[in-house]
Amino acid sequence: MKVPFVNLQAQHEPLQTEINLAIANVFTNTSFVLGEEVNKFEEEFAAYCGVKHAIGLDSGLSALKLALEAYNIGEGDEVIVPANTFIATAAAVSFVGAKPVFVDIKPNTYNIDPAKIEAAITDRTKAIIPVHLYGIPADMNEIMAIANQHNLIVIEDACQAHGAYYRGQRIGSFGHAAAFSFYPAKNLGAAGDGGALVTNDSQLNAQIKAMRNCGQKEKYVHVTTPYNHRLDTVHAAVLRIKLRHLDEWNALRRQKATLYHRFLLHSGVITPAAPNYTIPVWHLYVVRVQNRAALQARLNEQGISTALHYPLPLHLQPYYENLGHQRGDFPITEAYADQILSLPMFPELSEEQIEHVANALKVFVATQELTIT
C-alpha cells in the first residue's frame, strides 16, 4: 500500500470547479494585485482568527519581518525564539538586524519552554516569537505573563497552526500580532507562496499595509519602508474558498492523529502530545524513534513517504555559526532533532493507510529492541 506524505490533489479535486471559476473571475477583472478578493479574504481571515485586522502578504516570513520592523526592532536588539523551529522564525529577526536568542523546548513537547525564557532576557531583549510548531499551541498564558512583566512585544509564529485553539481562544489572537503562512502544503494553503499578519493593533495594520505595497498610503506617496510583499489576488481568491473548509479539514486531521495515537500505543514509538487545554490542528504528526535513518529507509521501501522537521537545530545551522553556539547548548532540542520523524498527515488519509504506517513502525521497533526515553 502506497501512502503519500501529503496529497493536495485529494483536497483540490472536490473544489476544482469552484476554484477554476474564482481564478477565471480574477482574470476577467484583471485586478491581479491587491484586488477585491484580497480585501474580502483579509476581512474573513481576521474574523476567523478573532482579531480586528489581517494583512495579506507574500509569505509567513514576510509577516514576521514586517511586524518586527514596524515595532522598531533592529540593530542591537535581541528577540527570543525557540531553538526547535523552521529557520524562517529566526531569519526574520536576522533580516531586521536584530539577534535571535534561542531557548530550548519543554520535555515531551516540541514548543518553547516558558520556564527557560526569563534566563534568556537581557536589557537588549525587545520581543518573543513563540512558535505553535506542528499545529500544537505554545503555552501562551505563561509567555504573555513574562512578556508583560518585561514589557516585550510578542509576535506569534502561527505558520503551522491555522485554526488551533489555546484555552478556548484562537491562536493568533494572543500576542501583539501573529504571522501565518499559506504555503500550499499548510492546513490553509494558497496556489503558491502566501502569508498574512493578523493583529488588533490598528496602527500596526495601517503601517504594514503601506510597507507591503512600496511604502504607500496613497499612490506614489511613500511614507514608510517601500517593500513589495503583497498577497496576489489569485491566491486570495483560492484562500477564500479553502477557508470555508478549514475547520472541517482540521477536525479530520484530529481524527487521523487520534488513530495514530491508538495504533501506536505501547509500540515503543513516542507519539506527540498536546495539552488538554489546547485544540491542535496537527499540521504535522511527528513521532520520535531510534535508528531513524534505517526506519525511514524501511518505510520508503514499503511505499510510505515520511519527512524530517527539523533534523538540524537552528543554533547548529551554518548560517548561525557567528552566534558561537555548540552542540550541547540546547540538549532537548538536539536530542529530539536526532529522533523526529514526520508521518503522513492530511485530511483525506484513510484509517487503513494509518494502520499500515503504524504496523510498519511497530514491526521495525520490535526488531530493533531499543527503547527511547
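Below, all heavy atoms of this structure are taken into account, side chains as well, without hydrogens, waters or symmetry copies.
- Between the NZ atom of Lys209 and the CD atom of Gln207 there is a distance of 13.5 Å, given to the nearest 0.5 Å.
- Taken from CH2 in Trp282 to OH in Tyr260, the straight-line distance is 12.0 Å, to the nearest 0.5 Å.
- In this structure, the side chains of Met140 and Glu156 come closer than 4.5 Å at one or more pairs of heavy atoms.
- Around atom CZ of Arg124, no more than 12 heavy atoms belonging to other residues, nucleotides or ligands sit under 6.0 Å away.
- The shortest heavy-atom contact between Val198 and Gly172 is CG2-O, 3.5 Å.
- When side chains are defined from C-beta on, Leu343 counts as touching Thr306, because their heavy atoms get closer than 4.5 Å.
- A donor-acceptor contact shorter than 3.5 Å is absent between the side chain of Asn205 and the backbone of Asp201.
- No more than 12 heavy atoms of other residues, nucleotides or ligands lie within 6.0 Å of CD in Glu75, so this atom counts as exposed by the packing criterion.
- Side-chain heavy atoms closer than 4.5 Å link hydrophobic residues (I, L, V, M, F, W, Y) into clusters, and following such links, possibly through other members, connects Ile80 to Ile146.
- Placement of Val238 and Phe27 within a single hydrophobic cluster is found when ILVMFWY residues are connected by side-chain heavy-atom separations under 4.5 Å, directly or transitively.
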Tell me, with the steps shown, if Gln160 and Leu284 meet side-chain contact (heavy atoms from CB on, under 4.5 Å).
-> CA-CA 8 Å; Gln160 300 182 8; Leu284 297 169; 4.2 Å; yes
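- For the residue pair Asn291 and Gln368, a side-chain donor N or O sits within less than 3.5 Å of a side-chain acceptor on the partner.
- Follow the hydrophobic side-chain contacts under 4.5 Å out from Ile129 and you reach Tyr319 in the same cluster.
- Ring-plane geometry between Phe182 and Phe45 is classed as perpendicular, the angle between the planes exceeding 60 degrees on a 0 to 90 degree scale with a lower cut at 30.
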Going through the distances and angles, do Val6 and Gln11 end up as a side-chain contact (heavy atoms from CB on, under 4.5 Å)?
-> CA-CA 10 Å; Val6 295; Gln11 180 188 86; over 6 Å; no
Can Leu21 and Thr17 be said to form a side-chain contact (heavy atoms from CB on, under 4.5 Å), step by step?
-> CA-CA 6 Å; Leu21 179 59; Thr17 299; 5.8 Å; no
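- Side chains of Asp139 and Asn111: a donor-acceptor N/O pair is absent below 3.5 angstrom, by distance only.
- Summarising the geometry of Pro100 relative to Val81, their closest heavy-atom pair is CB-CG2, 4.2 Å, with the distance given to 0.1 Å.
- A cation-pi arrangement, defined by a distance under 6.0 Å to the six-membered ring centre and an angle within 45 degrees of its axis, is present between Lys65 and Tyr227.
- Ion pairing between a basic and an acidic side chain is recognised when a charged N comes within 4.0 Å of a carboxylate O; Arg170 and Asp247 show such pairing.
- Put simply, the side chain of Gln216 gets close to the backbone of Asn213: a donor and an acceptor are under 3.5 Å apart.
- For the residue pair Glu334 / His315, a side-chain donor-acceptor distance below 3.5 Å is found, with atom types taken as modelled.
- Looking at Val79 and Val101, their side chains never come closer than 4.5 Å, going by heavy atoms from C-beta outward.
- Scanning all heavy atoms of the two residues, the minimum distance from Pro318 to Leu312 falls at CD-CD2, 4.2 Å.
- Here the side chain of Asp113 pairs a donor or acceptor atom with the backbone of Ala115 at under 3.5 angstrom.
- Taking hydrophobic clusters as Ile, Leu, Val, Met, Phe, Trp and Tyr residues chained together by side-chain heavy-atom distances below 4.5 Å, Ile117 does not share a cluster with Val93.
- The distance from atom OG1 of Thr224 to atom CD1 of Ile208, rounded to the nearest 0.5 Å, is 9.5 Å.
- Interatomic distance, OG of Ser173 versus NZ of Lys52, reported as 13.0 Å (0.5 Å rounding).
- Contact of the Asn84 side chain with the Val131 side chain is not registered, since no non-hydrogen atoms from C-beta on lie closer than 4.5 Å.
- If you check the side chains of Lys362 and His266, you find no donor sitting under 3.5 Å from an acceptor.
- Between the side chain of Lys242 and the main chain of Gly189, a donor-acceptor pair closer than 3.5 Å is present.
- Two different hydrophobic clusters hold Leu8 and Tyr183 under the rule that ILVMFWY side chains link at heavy-atom gaps under 4.5 Å.
- Ion pairing between Glu142 and Lys106 fails under the 4.0 Å rule for side-chain N and carboxylate O.
- Shortest non-hydrogen contact noted between Ala273 and Ile136 is O-CD1, 4.1 Å.
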Dump the intermediate steps for side-chain contact (heavy atoms from CB on, under 4.5 Å) on Met211 and His229, then the final yes or no.
-> CA-CA 8 Å; Met211 292 170 74; His229 288 313; over 6 Å; no
Show me the side-chain donor-acceptor pairs of residues 31-42 shorter than 3.5 Å, one per line, residues at least two apart or across chains.
residue: Glu36; atom: OE1; partner: Asn39; partner atom: ND2; Å: 3.3
residue: Glu37; atom: OE1; partner: Arg240; partner atom: NH1; Å: 2.9
residue: Glu42; atom: OE2; partner: Gly56; partner atom: N; Å: 2.8
residue: Glu42; atom: OE2; partner: Arg212; partner atom: NH1; Å: 2.7

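- With contacts defined as side-chain heavy-atom distances shorter than 4.5 Å, the pair His12/Gln16 qualifies.
- With 3.5 Å as the limit, one finds a donor-acceptor pair spanning the side chains of Tyr320 and Ser94.
- Without hydrogens or angle criteria, Thr271 side chain to Val287 main chain gives no donor-acceptor distance under 3.5 Å.
- Formation of a donor-acceptor pair under 3.5 Å by the Gln353 side chain with backbone atoms of Ser350 is found in this model.
- Of the possible polar contacts, none joining the Tyr165 side chain to the Pro137 backbone as a donor-acceptor pair under 3.5 Å is found.
- Nearest heavy atoms, Pro344 versus Ile304: CG-CG2, 4.2 Å.
- Considering all non-hydrogen atoms of both residues, Ala63 and Leu57 come closest at CA-CD1, 3.5 Å.
- Gln317 CD to Leu323 CG: the interatomic distance, rounded to the nearest 0.5 Å, is 11.5 Å.
- At least one side-chain heavy atom of Pro107 sits less than 4.5 Å from a side-chain heavy atom of Ile332.
- No more than 12 heavy-atom neighbours from other residues, nucleotides or ligands sit within 6.0 angstrom of NZ on Lys99.
- By the side chain to side chain contact (heavy atoms under 4.5 Å, CB included) test, Pro347 is found to be paired with Trp249, Leu252, Arg253, residues two or more places apart in sequence or in another chain being considered.
- Ring planes of Phe180 and His162: tilted class, angle from 30 to 60°.
- Using a 4.5 Å cut-off on side-chain heavy atoms (C-beta onward), Lys126 and Leu68 make no contact.
- The number of heavy-atom neighbours closer than 6.0 Å to CG of Asn322, taken from other residues, nucleotides and ligands shown, is above 12.
- Once rounded to the nearest 0.5 Å, the distance linking CG of Leu299 with NE2 of His356 reads 8.5 Å.
- With a 4.5 Å cut-off on side-chain heavy atoms, His283 and His132 do not count as touching.
- Side-chain N/O atoms of Thr333 and Asp104 include a donor and acceptor closer than 3.5 Å.
- Residue-environment remark: CZ (Phe5) exceeds the threshold of 12 foreign heavy atoms within 6.0 Å.
- In this pair, Phe102 and Phe330 present their aromatic rings perpendicular. The plane angle is above 60°, beyond the 30 to 60° band.
- Atom CD of Glu118 is surrounded by more than 12 heavy atoms from other residues, nucleotides or ligands within 6.0 Å.
- In this model, no donor atom of one side chain and acceptor atom of the other lie less than 3.5 Å apart for Asp77 and Tyr71.
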